[in-house]
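The structure appears below as structure tokens.
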Amino acid sequence: MAYIDENFSQLATDLIKYQEKHNIDDNKMAVNLMMTVERYHAIKSMWEKPTEEEVKNIKDFLVHNK
């Protein structure tokens with residue numbers, strides 16, 4: 001079952017929107033975020049909650065790579 005949390009949901013949505021805007025696949029996003037593609041999929045699909053450090057890294061990446 002997916003983990004549902006409003007902040008977590010927004011993070012997953014932001015990742016999807018970023019990928020669509022920049023035409024980047026999951027593999028490239030995982031590399032950009034320095035995580036495995038399996039971990040990236042789990043976070044993006046909301047199957048696993050990201051750690052505080054992962055949230056910070058993702059948000060920093062999204063802000064600095066508009």
Is the closest side-chain heavy-atom distance between [X] and [Y] below 4.5 Å?
X     : Y     : result
Met29 : Lys44 : no
Lys28 : Asp25 : yes
Asn57 : Met35 : no

Which value, rounded to the nearest 0.5 Å, describes the distance between [X] atom [atom1] and [Y] atom [atom2]?
X     : Y     : atom1 : atom2 : value
Ile16 : Asp26 : CD1   : CG    : 9.0 Å
Leu11 : Ile43 : CG    : CD1   : 7.5 Å
Phe61 : Asp14 : CZ    : CG    : 12.5 Å
His41 : Asn27 : NE2   : CG    : 6.5 Å
Lys59 : Leu15 : NZ    : CG    : 11.0 Å

Main-chain N/O of Ile24 paired with Tyr18 side-chain donor or acceptor, under 3.5 Å: no
Any donor-acceptor pair under 3.5 Å from His22 side chain to Lys66 backbone: yes
Single-linkage hydrophobic cluster, 4.5 Å side-chain cutoff, Leu33 and Val37 together: no
Option from Glu53, Glu52, Glu54, Met46 for which side chain to side chain contact (heavy atoms under 4.5 Å, CB included) with Pro50 holds: Glu54
Worked verdict on Arg39 versus Glu48 for side chain to side chain contact (heavy atoms under 4.5 Å, CB included): CA-CA 8 Å; Arg39 181 68 179 152; Glu48 293 181 20; 2.4 Å; yes
